[in-house]
Amino acid sequence: MEKTREITLRKNGVSIGGEKKLLCAGPCAVESLNQIKEIAAFLKVTETPLLRGGSFKLRTSPQSFQGLGEEALKFLKEVGEEFNLLTVTEVATPEQIKLAYEYVDVLQIGARSSQNPYLLKEAGRQRKPVLLKRGMMMTIEELLWASEYITREGNPNVILCERGIRTFEPSTRNTLDLSAVVILKEKTNLPIMVDPSHAVGHAHYVSKLAKAALVSGADGLMIEIHPTPHTALSDGRQALDFKTYEKLVHELRAETISFTI
Ligand code: PEP
Ligand code: MN
């Protein structure tokens, strides 16, 4: 088994792939400055160093909320600076990579884009860490090939993310493949995060799967949270409310899991 490559996200110590686990949380989409500020303030309370928030949303239906675009990027930068948080947002085109580069710390390539070699190569030509999600129909080997498109272009800082794959099981949104975490730990030295929110699709099941992910060896968690999940403009059903997320973090720390802050 290869030693995991530790990726430093900020000079003052936040990293992934080392001794300590990384927590990332935030809304599916940035909805307003107020919303993202409220969430950022809450992340400080829970010592969660990485704020997620979608700016360009890749929705299945054109009738759904598509994200605030550059305005969302500006909000992420503002709250990142105000609250001393790292930020991550999804990019889906080379133009979005160039734009988001100016505003966020980590660029996310989502499940719908992770088999686009042109996007992956572009992500490899810039210097920010890339959070690469597994496509919903991607094998473990295909995920590794996707990561190689990025690393071959000269950016070694790729974080893999298991977020569930499509199976015949209808009671969850996707099926969280924790065997992928175990296998990837043997096949690559890239750090691996798990996103239980998009995997299971129901807030009720997220905490248990988050714990299982860490036990399986994941280096970090990405969790969707929202102050009022029932009013969220996207993915409200799977978003944890503040109380539930705080409880989860508390329980994880009580299990003596050590987190980077
Ligand atoms: C997300 O994290 O906002 C997202 C859309 O996830 P995925 O690409 O895994 O569906
Ligand atoms: Mn989402």
Side-chain angles (χ1 to χ4, degrees), residues 22-31 35-36 39 48 50-62 64-69 72-73 75-76 86-93 96-97 100 104-116 119-120 123 129-138 140 142-143 146-147 150 158-167 172-178 180-181 192-203 205-206 209-210 213 218 220-241 245:
L22 175 69
L23 284 176
C24 168
C28 182
V30 177
E31 298 171 359
Q35 175 238 27
I36 202 70
I39 294 170
T48 299
L50 180 57
L51 170 66
R52 62 148 289 143
S55 308
F56 308 98
K57 296 305 299 177
L58 285 82
R59 306 304 298 281
T60 307
S61 163
S64 304
F65 176 59
Q66 305 287 309
L68 298 179
L73 295 173
F75 294 163
L76 283 170
L86 293 156
T87 54
V88 55
T89 207
E90 179 174 354
V91 286
T93 65
Q96 288 173 6
I97 290 181
V104 297
D105 302 293
V106 179
L107 300 175
Q108 175 175 323
I109 295 191
R112 288 157 193 78
S113 309
S114 47
Q115 277 182 308
N116 178 345
L119 183 67
L120 297 169
V130 179
L131 178 75
L132 175 66
K133 288 195 151 193
R134 181 181 185 183
M136 45 203 113
M137 307 284 278
M138 251 171 138
I140 294 169
E142 286 164 351
L143 177 60
S147 73
I150 303 171
V158 179
I159 303 158
L160 304 175
C161 183
E162 161 60 35
R163 47 75 72 205
I165 50 174
R166 278 270 165 96
T167 69
T172 53
R173 181 175 178 179
N174 293 288
T175 295
L176 180 61
D177 182 12
L178 287 181
V181 177
I192 300 142
M193 290 188 91
V194 168
D195 168 357
S197 309
H198 288 90
V200 75
H202 296 269
Y205 302 117
V206 166
L209 291 175
L221 295 170
M222 170 180 267
I223 294 179
E224 284 191 345
I225 64 171
H226 198 282
T228 50
H230 57 283
T231 69
L233 298 180
S234 57
D235 284 351
R237 205 161 65 139
Q238 69 197 31
L240 299 190
D241 58 26
Y245 180 72

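Read the numbers this way: they start at 1 and go in the same order the structure lists the ligands and their atoms. Since the structure is predicted, the reported quantities are computational estimates derived from the model, not experimental observations. Keep in mind that the numbers below use all heavy atoms, side chains included, and drop hydrogens, waters and symmetry copies.
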Taking the side chain as C-beta and beyond, is there a heavy-atom pair between Thr87 and Phe75 under 4.5 Å? no
Give the atom numbers and elements of ligand 1 that come within less than 4.0 Å of a heavy atom of Gly110. 8 (O)
Once rounded to the nearest 0.5 Å, what's the spacing between atom NE2 of His198 and atom CD1 of Ile223? 12.0 Å
Without hydrogens or angle criteria, can the side chains of Asp235 and His226 be said to hold a donor-acceptor pair below 3.5 Å? no
Min side-chain heavy-atom separation Pro27-Ile36 under 4.5 Å: yes
Considering only the protein, which heavy-atom contact is closest to atom 9 (O) of ligand 1, and what is its distance? Arg163 NE, 2.6 Å
Check: Asn174 and Arg166 side chains under 4.5 Å, non-hydrogen atoms: yes
State whether the shortest distance between N or O atoms of Lys133 and N or O atoms of ligand 1 falls below 3.5 angstrom. yes
Ser197 (side chain) donor-acceptor with Glu224 (main chain) under 3.5 angstrom: yes
For atom 8 (O) of ligand 1, the closest protein heavy atom turns out to be Ala111 N, 2.7 Å
For atom 3 (O) of ligand 1, the protein heavy atom that lies nearest, with its residue and separation: Arg52 NH2, 2.7 Å
Between Gln96 (side chain) and Phe56 (backbone), is there a donor-acceptor pair under 3.5 Å? no
To which protein heavy atom is atom 5 (C) of ligand 1 closest, and what is the distance rounded to 0.1 Å? Glu90 OE1, 3.6 Å
Honestly, for Lys57 the part within reach of ligand 1 (heavy atoms, under 4.0 Å) is side chain
Are any of the N or O atoms of Cys28 closer than 3.5 Å to those of ligand 1? no
Ile165 side chain near Thr167 side chain, heavy-atom distance below 4.5 Å: yes
So Leu76 and Leu51, do their side chains get closer than 4.5 Å, heavy atoms only? yes
Protein N/O/S atoms closer than 2.8 Å to the Mn ion (ligand 2), ordered by chain and number, come to Cys28 SG, His198 NE2, Glu224 OE2, Asp235 OD2
Between Arg134 and Glu142, does at least one N-O distance fall below 4.0 Å, as a salt bridge requires? no
Students should be able to answer this: which protein heavy-atom is nearest to atom 4 (C) of ligand 1, and at what distance? His198 NE2, 3.5 Å
